[in-house]
**Q** 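First the structure, then my questions, so here it is.
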Amino acid sequence: MLRTMMGRTMRACCILVVTGSAANAQSGVAENDAVRATKWTSEQAEAAGWVSRTMDFGAANLGYTTVFPKDAKIQTTTVKGDSAGLGNITIVGKYVLPSAGVDITATVMAYRLRVGGSALRLCNNTLRRDGYLVQTIDDLNLNETHAQILSLSLDKQGKPQEGVLSDCRTRGNTVLNHHFFIPLADAADDATINERIGNTGDVFNRIISDMAFTDGKPDGYGDSAVPVTLTLSGRLKTIRTPDVFRVTFNDFDGRKGEGQRELHLMQKKDGLASSIVWLGESDMPQKPDLAKVGPENALRRFSMEAAQMPELELVSNKADDRSSGNGITVQKFVFSVTSAPGDGAGSLVGEAWWHDGKVYVLTWFSAYDDDDSLKSYIARLPGETAYALVRKITLGTLQ
C-alpha cells in the first residue's frame, strides 16, 4: 500500500513508514536512523516561493520561526488557561497549505499539563483515541520528548480514508503537537494515495525541519525534570524523568558485590503515593521461570509500600515476543488493584527479563484507574513516562 512513498518521505526528513498493507501494519518505535533535511537559507526559501513566519502562541516555550508557502493560510491563538489540575488543551493553530492535487490542512495542539510527560505517548494515545491506526513512530531524541508519527484511518474494508503526519514535542510541562491531515477517501488507487502522502510529507518535513524555537531551548522537560543516573553493565547512563518523582533510593551507582540492587522512584499526591516505579536486579546464574519470578517480586516490593495491603489480582502474565531479542526474553504481567471497600485503586504493571546471569524486574504502580478517558490517561502519563524511560535505558544497555 505505502511502498512508493516510503523512500521519498525518509529522504525528505524524519518520518519512517512501514511497508505492507496498511490494514495489517504493525506499529512500533523506529530507530533514530532517518535522514534529516537541512534548513533552508532565506535565498532558498524565496526561490521556492516560501517565506519565514513567526508563530506566537502566547507562551515563551511554544513560539517558533519556520518557513511556509507564501500563499499558506494561517490562523493562531494563544494557549488557554494554566496547568492547574490536569491542565488545559488548546487548538493554538490552523494551517491550510497548498499542495499538488489536494490542499493540506494542519492543526497545532497545545497540552499545557500540570506535570510534563512523554510527547510520543500522549500523541500516540490521542491519535488512537481519535480512531487512527498508527503505522510508524520515530523517537527522534530517543527519550520520547520529540516524536513523529504516521497514522491512517481506514474504512471497514481496510481502505485508507485519511492520513495524518504528526510532529509531537515535550516543551517543559507542555506537549506541542502538529497534525497534518491528508484526505484519501476519494483516492482512486494506491498510486494516488502514495502520491498524496508523499506530497504532504514534503511540506511537513520542510516546515518541521526549519522550526527554530524563540526561547532557544531544546525539546525536553527543561528545568521540570529529575536526572536519574544508572550504572548498567559498567556503563553510566542518565535519564530525565518528570520532576514530580523523587529518587527514594538508587543502588545502581556502580557499587560492587552480590545481592539485589534497586531503583525506587515515587510520585506523591496529598501525602500518598500516586505512582511508583521500581527496578530490581538480582544475581541468578541460571535462567529462572520469569512468569513466576516477575509477579512474585512485584508483589513482595508492593507489599513493602502499602500500609494497608489492597487486593491484587493477576489479570495478565505472558511473554512478549516483540520485546525479545539478542537472547533477552521479556515477560509482561498486569495486576488489578482493589481497595479494602472494593473500589478500583489503580493498577500494577511490570516486566521481567534475564540476561547474563542476572534477573531484572521492573514495575509501575499507578493509583489512578485506567478508565480509557483522556483525563485518566493524562493523570497516569508521568508514571508511564518514567516507567518507559527506565525500561528503555535498561533493556537498551543490556542488548
**Q** Strictly below 4.0 Å, N to O, side chains only: are Lys159 and Asp190 in salt-bridge contact?
**A** no
**Q** To the nearest 0.5 angstrom, please state how far the CG atom of Leu97 sits from the CG atom of Asp103.
**A** 8.0 Å
**Q** As an exercise, state the distance from OG of Ser151 to CG of Leu133, rounded to the nearest 0.5 Å.
**A**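 Ser151 OG to Leu133 CG: 8.0 Å, rounded to 0.5 Å.
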**Q** Considering non-hydrogen atoms only, spot the tightest contact between Trp354 and Gln286 and give its length.
**A**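 Scanning both residues, the minimum pair turns out to be NE1-O, 3.7 Å.
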**Q** Is the closest side-chain heavy-atom distance between Arg171 and Asp219 below 4.5 Å?
**A** yes
**Q** With a 4.0 Å cut-off on N to O distance, would you call Asp202 and Arg206 a salt bridge?
**A** no
**Q** Going by salt bridge (charged side-chain N to carboxylate O under 4.0 Å, His left out), name the residues that satisfy it together with Asp56, two or more places apart in sequence or in a different chain.
**A** none
**Q** Who are the side chain to side chain contact (heavy atoms under 4.5 Å, CB included) partners of Gln44, not counting sequence neighbours?
**A** Trp40, Thr41
**Q** To the nearest 0.5 Å, how far apart are CD1 in Ile208 and NE2 in His178?
**A** 5.0 Å
**Q** How about Ile276 and His264: do any of their side-chain heavy atoms sit closer than 4.5 Å?
**A** yes
**Q** For the backbone of Leu398 and the side chain of Ser233, can you confirm whether one donor and one acceptor N or O come within less than 3.5 Å of each other?
**A** no
**Q** Are Val203 and Tyr95 side-chain neighbours, meaning at least one heavy-atom pair lies under 4.5 Å?
**A** no
**Q** Taking everything shown except Arg129 itself, do over 12 heavy atoms lie less than 6.0 Å from its CZ?
**A** yes
**Q** Do Leu230 and Thr397 come close enough that some side-chain heavy atom pair is under 4.5 Å?
**A**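 In short, these two side chains do not touch, never coming nearer than 4.5 Å.
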**Q** Please give me the minimum heavy-atom distance between Val164 and Ser166, naming the atom from each residue.
**A** CG1-OG, 3.4 Å
**Q** Is there a side-chain contact between Phe68 and Met55 in this structure, where contact means two heavy atoms from C-beta onward sitting under 4.5 Å apart?
**A**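 Yes, side chains in contact.
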**Q** Do the side chain of Arg380 and the main chain of Tyr368 share a donor and acceptor less than 3.5 angstrom apart?
**A** yes
**Q** At their closest point, which heavy atom of Lys94 faces which heavy atom of Ile91, and how far apart are they?
**A**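 Nearest heavy atoms, Lys94 then Ile91: CE-CG2, 4.0 Å.
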**Q** Applying disulfide bond (SG atoms under 2.5 Å apart), which residue pairs with at least one partner in residues 144-208 are found, sequence neighbours left out?
**A**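 Qualifying pairs, neighbours excluded: Cys123-Cys168.
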**Q** Would one find more than 12 heavy atoms of other residues, nucleotides or ligands at under 6.0 Å from atom CG of Asp223?
**A** no
**Q** Is Tyr221 linked to Ile378 within one hydrophobic cluster, defined over Ile, Leu, Val, Met, Phe, Trp and Tyr using a side-chain heavy-atom separation of less than 4.5 Å?
**A**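 No, Tyr221 does not connect to Ile378 through the hydrophobic network.
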**Q** By the definition salt bridge (charged side-chain N to carboxylate O under 4.0 Å, His left out), identify the one residue from Asp253, Asp283, Asp251 that meets it with Arg261.
**A** Asp283
**Q** Return the set of residues passing salt bridge (charged side-chain N to carboxylate O under 4.0 Å, His left out) with Arg240 (not counting sequence neighbours), or none when no residue passes.
**A**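 Listed in chain order: nothing, the list is empty.
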**Q** Determine whether Tyr132 and His179 satisfy the following criterion, ring pair (Phe, Tyr, Trp, His ring centres under 6.0 Å), listing intermediate values before the conclusion.
**A** CA-CA 12 Å; Tyr132 293 98; His179 302 294; 8.3 Å; no
**Q** Report yes or no: does Ser282 contribute a side-chain atom to a donor-acceptor pair with the main-chain N or O of Val359 at less than 3.5 Å?
**A** no
**Q** Would the distance check show the side chain of Asn124 and the main-chain N or O of Val134 forming a donor-acceptor pair, the cut-off being under 3.5 Å?
**A**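 No, the answer is negative, given that no donor and acceptor are paired below the 3.5 Å cut-off.
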**Q** Restricting to salt bridge (charged side-chain N to carboxylate O under 4.0 Å, His left out), what partner residues turn up for Asp270, sequence neighbours left out?
**A**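 By the salt bridge (charged side-chain N to carboxylate O under 4.0 Å, His left out) rule, Asp270 matches no residue at all.
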**Q** Give me the one residue out of Phe333, Phe335, Trp364 that meets side-chain contact (heavy atoms from CB on, under 4.5 Å) with Leu348.
**A** Phe335
**Q** What's the shortest heavy-atom distance between Ser336 and Val315, and which atoms?
**A**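 Minimum heavy-atom separation between Ser336 and Val315: OG-CG1, 4.0 Å.
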**Q** Could you measure the distance from the CD atom of Glu351 to the OG1 atom of Thr329? Nearest 0.5 Å is fine.
**A** 12.5 Å
**Q** Tell me, do Ile328 and Tyr360 make a side-chain contact under 4.5 Å, heavy atoms counted?
**A** no
**Q** Where do Val79 and Ala59 come nearest, in terms of heavy atoms and distance?
**A**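 Taking Val79 first and Ala59 second, the nearest heavy atoms are CG1-CB, 3.9 Å.
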**Q** For Gln148, which of Thr136, Asp167, Asp139 qualifies under side-chain hydrogen bond (donor to acceptor under 3.5 Å, both in side chains)?
**A**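 With Gln148 as partner, side-chain hydrogen bond (donor to acceptor under 3.5 Å, both in side chains) holds for just one option, Asp167.
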**Q** Give, for atom OG of Ser316 and atom CG of Leu314, the distance between the pair rounded to the nearest 0.5 Å.
**A**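 If we round to the nearest 0.5 Å, Ser316:OG and Leu314:CG are 7.5 Å apart.
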**Q** Any side-chain heavy-atom pair from Thr107 and Phe181 closer than 4.5 angstrom?
**A** yes
**Q** Mind listing the closest non-hydrogen atom pair of Val277 and Ala386 along with its distance?
**A**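 Reported closest heavy-atom pair: CG2-CB, 4.0 Å.
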**Q** Going by heavy atoms in the side chains, are Val349 and Glu384 under 4.5 Å from each other?
**A** no
**Q** In Å, rounded to the nearest 0.5 Å, how long is the span from CG of Leu374 to CG of Asn125?
**A** 7.0 Å
**Q** What residues form a side chain to side chain contact (heavy atoms under 4.5 Å, CB included) with Asp371, not counting sequence neighbours?
**A** Ser373, Ser376
